[in-house]
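Predicted model, so just to flag it, every value in this text is computed and none were measured.
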Amino acid sequence: MLNAKYQEKYLKLKNKFLKLQFSKLNPMQQKAVFNSEGSCLVLAGAGSGKTTVIINKIAFLIKYGDAYYNEEIPNYITEQDVDLIEEYINNPDEDLVEKISELIKYNPVSPYNIIAITFTNKAAEELKNRLYNFIGEKGNDVIASTFHSACVKILRRYIDRLGYERSFAIYDTEDSKSVMKDIIKSAEIDSQLFTPKIVLSEISKWKNQLLSHKDVEGKYEDIRLKTISELYTIYQERLKKANAVDFDDIIMLTVRLFEENDDVREFYQNKFKYVLVDEYQDTNYAQYMLCKFFADKYKNICVVGDDDQSIYKFRGATIENILNFEKNYKDTQVIRLEQNYRSTKNILSAANNVIDNNRMRKGKTLWTENELGEKITVFESLDQTEEAMYLSQVIQNMVSSGERNYKDFAVLYRTNAQSASVETAFVKSGIPYRLIGAHKFYDRKEIKDMLAYLSVINNPHDDVRLKRIINEPKRSIGKATIDLVEILANSLECSMYQVISECEEYEILQKVKTKLIDFRDMIERFSEYNRGMSLSSLFTSVYSETGYEKMLITDKDPSAKERIENIGQLHSNIVEYESSAQTPSLSEYLEEVSLFTDIDNFDAGENAVVGMTIHGAKGLEFPVVFVIGMEENLFPSSMSVLSETELEEERRLAYVAYTRAKSQLYLTRASQRLMFGKTSVNPVSRFVTEIPSDLKHECRSKRLSTSSSFGNFEIDSKINEQATKSSLSSQTTTNKTDYKVGERVSHATFGEGMIISMTPMGNDILMEIAFPVGTKKVMANFAKLKKI
DNA sequence: GCAAGCCCAGATAGT
DNA sequence: CTGGGCTTGC
């Protein structure tokens, strides 16, 4: 035992030592890291090092337990030990660190008892990698995954308690839609009013609030919601019969599993001694309850989030979760991280100014010690083609001058559709690029088909996938037969596969029974293969024995070759999965595929410009960021301008977009844009206007004539020269009249508009003008136009 | 049962 | 403009 004086000295020195070990962190970050026991809410602004905090915190828990705040002194500490620590502090010697760490650690947490929830699989993987670099092997044993992956793992073990089989399938949005489409069809209701999309989105909202079909059925007077609640019941029954769950079920069912099964709940509550959640602002109520269950025994929970970056309200995320957190966990330590380490002062100031227009926020202002940096470049182009050419020019200029690499650039957009013009321009300019979309590869027909075969082998009750492949390639099982089987299955309350298996017993199936039996035997044979062979051999057999391979080889369509290549790619993916997984299995593979997103594929090391939606860019950073399509009705989306809350969500999205940039930010817009094959003209986005003008450098394409109202814009001559050169061919002819393409004019009945095209016709000119009411064609001599 | 061809709706974001 | 869904004719 130490004497009183040494005890005091030890406590002081111990914490000094710990601070030295984490000296790269600022005091607030350290506070978050050292606070081991109890609950902790970290409100962390963009670029304030919140992932760093999570990683350091996990490392701290594993290495030092609650050594910082715990004032108990281990019996074995001697005076010499205290002196050793003092010696280290006066003269840090790396060799002593391990020894002292061993001495002062207190209740270190086993990595198996820590669960870290991240937003994407990619983020989970990165967290593990960084942890490995930090603390070695032990880092690999921490559970790091998304909500969905974590819950699927739990459900694989225990879902039988809820009446599902453990081989359950996971339905993606498209699968769910297909189920709902059938239901709506047979329910004979107004299919205009009740589209699968609308119905499913309502159901999703309920599920995110943990409302089962039993909870909502009969609860609504409103005919619309009443109908949807009835559809919900049928939908849920269909899924169960198919032994399938949708994305929302994954969370909801896990919560129900915990509610109804004390042993399961206790098992996980004992396991999860420490729970950490990243991107907490984007969790929904169901996820909140899940966290509550996870952490309910030890109440050691740390959540990290930023209310200004909440961009998934449309998916049920609720800021209430942050407010409830402080209520639910008494004595929560709230830590705010407001120092930004990522962006220049100009970029940060622009982002702060924009987000300041939101009324519903907790309120914080990020600051940075980084340099002032360049002004934000705001560029207006003629159309989306020129907008994309502009990006290419800027990128090529900076790359050829040696200033930047391709991988330093990101192009962010509000909607996926905007990527098309970017892609075209990059191909033309020879810029290496990678576009990150929702699923892309796994969305291709041939891939979905092959995966559908594997799904049916894994779970023959999966009606949706079964219907997909039962006649692909053609084996003379047509629509009439499929419908018949489905009707039988529905009335018998069993799966379609079951009807097919017993088809001999049904009078009406006699004519087609040989085909059905052939199909059944094929699936049975594959199931047999699955028990005896590797996944990749199974895949090869399925590909050839179903006749799919033959179908593609004999297909004369030029796209067939590409589809064969895609199958090859899928095969390599499977081989890769087999070699990396500890216990590869068909069901685990299918599970990984269904929870996989394209962003998981993003490789920051690859030297290519990356294009993705702003939602996809959450959590990432790039030296140079282009946000394109800065136009009203596009960003903010026309769907959101009517509602204050949705508009604020759009503004947060702008905030997220701007704060991705480390040193340069470009905001571009097109004065006219082709959408749906129609030209539309939108004013500049308010998210550009809200940036103070002293932070911006505005320029526009020379092809847009400089009328008086735009006289104060500077023109970036280098860019304009090249942009003009590269697209001269598409320039519309102008002639002796005063009007020019791109000019704004006013019309007696249509109001103010912009000239989109001019075509000479005899002595007159046919002009296409975009007015607020839509695009109109007028003859110059007849329309009473005025220049403005 | 199947392929070709026509028609019309459609694109906010994504686990 | 595109592509999914439905009709039509074989």
Side-chain angles (χ1 to χ4, degrees), chain A residues 117-124 145-152 170-174 176-178 181 185 191-192 195-197 200-201 204 207-208 245-252 279 282-284 286-287 310-317 412-421 436-440 442-443 445 470-483 511-512 515 555 557 591-600 612-618 629 633-641 643 646-647 649-650 652-654 656-657 673-680:
Chain A
I117 308 276
T118 56
F119 201 68
T120 61
N121 297 309
K122 173 98 188 158
S145 74
T146 63
F147 276 110
H148 288 85
S149 313
C151 288
V152 168
I170 300 167
Y171 276 6
D172 63 21
T173 316
E174 204 189 307
S176 299
K177 266 189 194 157
S178 148
K181 216 168 82 191
K185 214 178 186 178
S191 60
Q192 292 279 42
T195 64
K197 210 178 143 184
L200 285 170
S201 113
S204 175
K207 286 188 176 177
N208 288 332
V245 301
D246 66 18
F247 286 132
D248 301 317
D249 282 337
I250 292 174
I251 311 293
M252 187 173 78
E279 309 282 9
D282 285 324
T283 55
N284 58 39
Q287 290 164 335
S310 153
I311 54 174
Y312 280 96
K313 222 167 224 159
F314 75 94
R315 218 167 68 187
L412 308 183
Y413 30 82
R414 179 67 180 82
T415 69
N416 273 308
Q418 289 167 261
S419 66
S421 57
I436 310 288
H439 252 110
K440 261 189 146 189
Y442 291 100
D443 277 347
K445 184 191 177 324
I470 191 166
N471 201 31
E472 189 73 36
K474 300 282 170 279
R475 43 178 80 91
S476 300
I477 304 175
K479 192 173 178 305
T481 308
I482 297 169
D483 283 353
K511 259 192 247 167
V512 286
K515 311 274 190 217
D555 192 339
D557 196 285
E591 168 190 321
E592 275 197 17
V593 167
S594 49
L595 296 179
F596 179 86
T597 59
D598 218 25
I599 192 79
D600 298 328
M612 61 178 95
T613 64
I614 303 168
H615 283 91
K618 187 165 98 154
N633 298 322
L634 183 60
F635 188 27
S637 156
S638 57
M639 316 282 283
S640 65
V641 286
S643 133
E646 283 182 51
L647 226 145
E649 175 137 328
E650 294 282 307
R652 288 194 292 272
L653 202 50
V656 169
R673 180 178 295 276
L674 210 60
M675 282 167 108
F676 281 116
K678 269 200 267 171
T679 304
S680 56

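Summarising the geometry of A:Asp282 relative to A:Ser310, their closest heavy-atom pair is OD1-CA, 3.5 Å, with the distance given to 0.1 Å. Between A:Gly616 and A:Ile599 the shortest heavy-atom distance is O-CD1, 3.2 Å.
At B:dG14, one or more side-chain N or O atoms of A:Thr613 fall inside 4.0 Å of OP1 or OP2 (strictly under the cut-off). Contact annotation: A:Thr597 reaches the phosphate of B:dT15 (side-chain N/O to OP1 or OP2, under 4.0 Å). Between B:dA11 and A:Asn416, no contact under 4.0 Å exists linking OP1 or OP2 to a side-chain N or O.
Taking atom CG of residue A:Asp598 and atom P of nucleotide B:dG14, one finds them 10 Å apart after rounding to whole Å. In this structure, NZ of A:Lys618 is placed 11 Å from P of B:dT15, rounded to the nearest angstrom. Atom pair A:Lys515:NZ and B:dC2:C1' shows a separation of 13 Å (rounding to whole Å applied). Distance A:Lys479 NZ to B:dA3 C1': 16 Å, rounded to the nearest Å. As rounded to whole Å, 12 Å separates atom P of B:dG14 from atom CD1 of A:Ile436. Straight-line distance from the CG atom of A:Leu412 to the P atom of B:dA13: 14 Å, rounded to whole Å. Between the NZ atom of A:Lys177 and the C1' atom of C:dG4 there is a distance of 12 Å, given to the nearest Å. Summarising the geometry, the separation between CG on A:Leu200 and P on B:dT15 is reported as 17 Å, rounded to the nearest angstrom.
Within 4.0 Å of A:Glu279, counting heavy atoms only, lies no atom of the nucleic acid at all. Residue-level contact check: A:Lys313 touches neither bases nor backbone, having no heavy atom under 4.0 Å from any strand. Using a 4.0 Å heavy-atom cutoff across all strands shown, A:Ser638 reaches no nucleic acid atom at all. Using a 4.0 Å heavy-atom cutoff across all strands shown, A:Glu649 reaches no nucleic acid atom at all.
Taking the side chain of A:Ala480 as heavy atoms from C-beta on, and the options B:dT15, B:dG1, B:dA13, the nearest nucleotide is B:dG1. Across B:dA3, B:dG1, B:dT15, the shortest atom-to-atom separation from the side chain of A:Ile599 is found for B:dT15. Here the nucleotide nearest the side chain of A:Lys181, chosen from C:dG5, B:dC2, B:dA13, is C:dG5. Minimum atom distance to the side chain of A:His615 is reached by B:dA13, of the listed B:dA13, B:dT15, B:dC2. In the set B:dT15, B:dC2, B:dA11, B:dT15 carries the atom at the smallest distance from any side-chain atom of A:Thr146. Residue A:Ala417 has its side chain nearest to B:dA11 when only B:dA11, B:dG1, B:dT15 are considered. Nearest to the side chain of A:Thr481, among B:dG10, B:dT15, B:dG1, sits B:dG1. Of all nucleotides listed (B:dA11, B:dT15, B:dC2), B:dA11 comes nearest to the side chain of A:Lys197.
Electrostatic pairing of A:Glu174 and A:Lys177 does not count as a salt bridge here, judged by no charged N lying under 4.0 Å from a carboxylate O.
The salt bridge (Lys or Arg N to Asp or Glu O under 4.0 Å) search around A:Lys185 returns none, not counting sequence neighbours. The salt bridge (Lys or Arg N to Asp or Glu O under 4.0 Å) check on A:Glu650 picks up A:Arg414, with sequence neighbours excluded.
Once the 5.5 Å centre distance and the 30° plane angle are applied, the aromatic ring of A:Tyr312 is found not to be stacked with the base of B:dG14.
The residue among A:Asn471 and A:Leu653 whose nearest nucleotide of DNA chain B is located toward the 5' end is A:Asn471. Residues A:Ser640 and A:Phe119 both approach DNA chain B. Their nearest nucleotides, taken by heavy-atom distance, put A:Ser640 toward the 5′ side.
Counting heavy atoms from C-beta on, the side chains of A:Thr613 and A:Tyr413 come closer than 4.5 Å. Counting heavy atoms from C-beta outward, A:Tyr312 and A:Lys618 have side chains that approach closer than 4.5 Å.
For the C1' atoms, the distance linking C:dG4 with B:dA13 amounts to 22 Å, nearest Å.
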